[in-house]
Amino acid sequence: MKAKKAAIEARGVSRVFAAKGQQAVAALDDVSVTINENEFFTLLGPSGCGKTTLLRLIAGFDFPTSGQILLYGEDIAVLPPFKRPVNTVFQNYALFPHMTVAQNIGFGLEMLGKPRTEIDARVSEMLALVRMEELASRKTSQISGGQQQRVALARALAPKPKVLLLDEPLSALDYKLRKDMQIELKRLQHETGITFIFVTHDQEEALTMSDRIAVMSKGKILQVGSPHDIYDRPAVRFVANFIGETNFLKGIVRPSGKVKLAAGAEIEAVAPEGAKLSGEVTVVIRPEHALLVKPTQGKLKGVVDNIVYFGTDTHFHVLLDDGSEFMVRQQNSGGAAADFAKGDKVGVQIAAGTARILKD
Amino acid sequence: MVDVKAQPGFKTMALICLVLLYSPILILIVFAFNSGDIIMRWEGVSLHWFGVAFTNPEFQNAAWNTLRISAVATIASTLFATLAAIGMTRIKPWPGMKTAFMVINLPLMVPEIITAVATLSFFALLAQVLGLNFGIGNIMLAHIVFCIPFAFMPIRARLEDMDLTLENAAADLYATPWNAFKRITLPLLVPGIASGAALAFIVSFDDFTITQLVAGPGQTTLPLYIWDQTRRPMTPEINAISAILLLVSVLFITISFLIARSRK
Ligand SMILES: Nc1ncnc2c1ncn2[C@@H]1O[C@H](COP(=O)(O)OP(=O)(O)OP(=O)(O)O)[C@@H](O)[C@H]1O
Ligand SMILES: [Mg+2]
């Protein structure tokens, strides 16, 4: 693996909005993160967690209250947006309505003072890349949402930025188009080798597209890691809860290192770095990492409380002995259906190495 | 919600209002086409009085004055209004901005006769103390000032409606603030400016009160000319002139309306 070079680095960045007569809001609170060159990096978090604010600071539309933002090791605090080699795909696309598709795409190069021939060549190249050749001379108000999205992408890519910022670019698209564009975006990132910083609040989108994900909440970055890290090894409750479905179980760490669950069983659980390994802890287990078995075979015991059928899989809600609820997801493989009915006494088996202790 | 149109008597009321509003104007226009000499006695259809009006040197002189004044007032007030609107929507809020906004819109609220008297006093003072009198320029100056709020309103509305991310996007694509203004903001502002200019033009074009007080001898405008004519034995010529004035006003209001409607 070759050494990674940092494209963007945020060091202790805060952005506090203080309006007169109102309480100050920290849209970003001491955020530090490094985004590597050629990486597809995703900022994932619920509405209002500060994703757009972070992008705006990187693009230069707004400035940090404190902290530094480095681009390839250089502090860009004093650079106005038009001097930053960073381009943005805006959440609402922000295409220039009085210009054609081709004029929109060529705008950045034109502003950079490139010669006409070079601009035209690059615009054609970009039109081909996003498969929009036929619509080059249309006004941007006369094309569909998906097409606008591709123009916005081509416009931002045309000047060959070092970093491309994408603010929920797919959120306005319908499901099918969204899936197509996800694949197309991945392809574009691969072909251009540009660093993508992608914002979304859709966890599935984040998991399928990213090299690394930063999960944000209330102006803080809670965890940064690969999709596997984030999904399989959530460090804190918020991350485990926000991404996928999870069972939270209370327990106490035994001197042996095992965790004695409130629901009865004693299990092995992996702890992340920095987690305390004594006293009361929370253990998370993904529903698909558990299996329903006969009461005699399972570590945890309970009663099937509810069964929800999802087509590809079935969710069994089990009421454990201590009264807590536990969900098991079983894939519908087409073979013999899991023959558990509501009210049945069952055991729950947990796949080895999948239970995780949380930091909080 | 209550549908007003379904209320009993709505149609009758609407009809009465329309008749009250438009029948005098309609009668005025119809009699402009009267072939007879007496203003309110119908004799037959003809364009005679339009011909009389157009060849009347007094009318020609008044029309020429009006056009010059309106053109200058429109251009100058629109320019000023555009700058003011940009200053109030694109620059960080500055102390005194609210006051400036009030001052710009003051002519809309002050009774016109007050503005007229004030303007007259101002020019009288100017002439007395500094010996300055710009002739027809006095009227132009007065018109520029009271046209500004009319031009300002649609321009500001357009600027406020405009998506600020467009300007961000321009900056993101390496446009300097000046280039962003020239290539993005200004082209998108054109309908607002055009609409404002059309409004300023009609307001100046048919102004009577202020012009009446400020105008010196030989500086008759069309509204003043019509006023003068009504104080003499009237012929349908005055109807013809009024109809022309009305046509120009309606034309510009329509232009302004169409431009305003075409904005998205
Ligand atoms: N100009 C502003 N003035 C005051 N508060 C602001 C401003 N911009 C953002 N905020 C606040 O900062 C917080 C973060 O906003 P931000 O737009 O970054 O959220 P986001 O993560 O992009 O959310 P979404 O997913 O809804 O786009 C929010 O609480 C928001 O209300
Ligand atoms: Mg946002």
Side-chain angles (χ1 to χ4, degrees), chain A residues 19-20 52 55-62 79-99 103-114 119 122-123 126 139-142 148 151-161 163-168, chain B residues 78 82 85-86 88-101 154-197 255 258-264:
Chain A
K20 228 186 269 171
T52 298
L55 284 199
R56 286 174 58 83
L57 295 182
I58 296 172
F61 307 136
D62 196 5
L79 280 190
F82 59 92
K83 288 192 180 151
R84 298 187 184 195
V86 172
N87 288 158
T88 308
V89 178
F90 292 84
Q91 191 158 359
N92 61 354
Y93 311 144
L95 298 178
F96 305 130
H98 56 301
M99 296 184 192
Q103 284 169 336
N104 264 277
I105 297 174
F107 188 81
L109 295 164
E110 207 181 313
M111 290 298 116
L112 286 171
K114 296 278 191 265
I119 297 175
R122 183 85 181 134
V123 168
M126 282 297 117
K139 278 272 165 64
T140 55
S141 52
Q142 296 160 348
Q148 287 181 15
V151 175
L153 201 62
R155 183 179 73 173
L157 283 171
K160 299 188 181 159
V163 177
L164 186 71
L165 309 176
L166 303 106
D167 194 355
E168 307 200 31
Chain B
T78 307
T82 307
I86 289 167
M88 287 190 191
T89 54
R90 285 306 183 272
I91 300 176
K92 274 199 201 131
W94 34 281
M97 192 164 94
K98 282 224 171 72
T99 318
F101 181 75
I155 298 174
R156 191 181 80 113
R158 177 96 186 166
L159 273 169
E160 289 199 328
D161 282 359
M162 212 184 283
D163 186 0
L164 277 179
T165 52
L166 290 179
E167 285 157 40
N168 276 343
D172 191 58
L173 293 162
Y174 315 105
T176 58
W178 169 243
N179 274 336
F181 175 74
K182 200 174 64 181
R183 296 290 309 275
I184 308 301
T185 314
L186 195 59
L188 293 175
L189 193 54
V190 163
I193 293 175
S195 171
I255 291 172
L258 287 180
I259 294 169
R261 209 185 50 172
S262 73
R263 52 188 259 201
K264 272 201 300 181

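Just so we're on the same page: letters track the sequence lines, and every chain starts at 1. Side chains are part of it too, since the values below use all heavy atoms of this structure and drop only hydrogens, waters and symmetry mates. The shown structure was predicted, so the numbers you read here are calculated from the model rather than taken from an experiment.
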>> Less than 4.5 Å to any heavy atom of chain A: does that hold for the side chain of B/A170, its backbone, both, or neither?
In response: both
>> So for B/L188, is it side chain, backbone, both, or neither that comes closer than 4.5 Å to the heavy atoms of chain A?
In response: side chain
> Who wins among A/L165, A/T88, A/L109 for the most heavy-atom pairs under 4.5 Å with chain B?
Replying inline: A/T88
> In terms of heavy-atom pairs under 4.5 Å with chain B, which of A/A158, A/A156, A/P159, A/A59 leads?
Replying inline: A/P159
> Roughly how far, to the nearest 0.5 Å, is CZ of A/F90 from CG of A/L166?
Replying inline: 11.0 Å
> Is B/R183 close enough and on-axis enough to A/F96, meaning under 6.0 Å and within 45°, for cation-pi?
Replying inline: no
> Under a 4.5 Å heavy-atom cutoff, which of B/N179, B/T165, B/L166 has the most pairs with chain A?
Replying inline: B/L166
>> I need the single residue from A/N92, A/V89, A/T52 that forms a side chain to side chain contact (heavy atoms under 4.5 Å, CB included) with A/D167. Which is it?
In response: A/T52
> Using non-hydrogen atoms only, which part of A/Q91 is less than 4.5 Å away from chain B: side chain, backbone, both, or neither?
Replying inline: neither
> With a 4.5 Å heavy-atom cut-off, do A/T140 and A/Y93 have their side chains touching?
Replying inline: no
> Between B/T82 (side chain) and B/T78 (backbone), is there a donor-acceptor pair under 3.5 Å?
Replying inline: yes
> Which pair of heavy atoms, one from A/R122 and one from A/K160, lies closest together, and at what distance?
Replying inline: NH2-CG, 3.1 Å
>> Which atoms of A/R56 are under 4.5 Å from chain B, going by heavy atoms: the side chain, the backbone, both sets, or neither?
In response: side chain
> With a 4.5 angstrom heavy-atom cut-off, which part of B/N168 approaches chain A: side chain, backbone, both or neither?
Replying inline: both
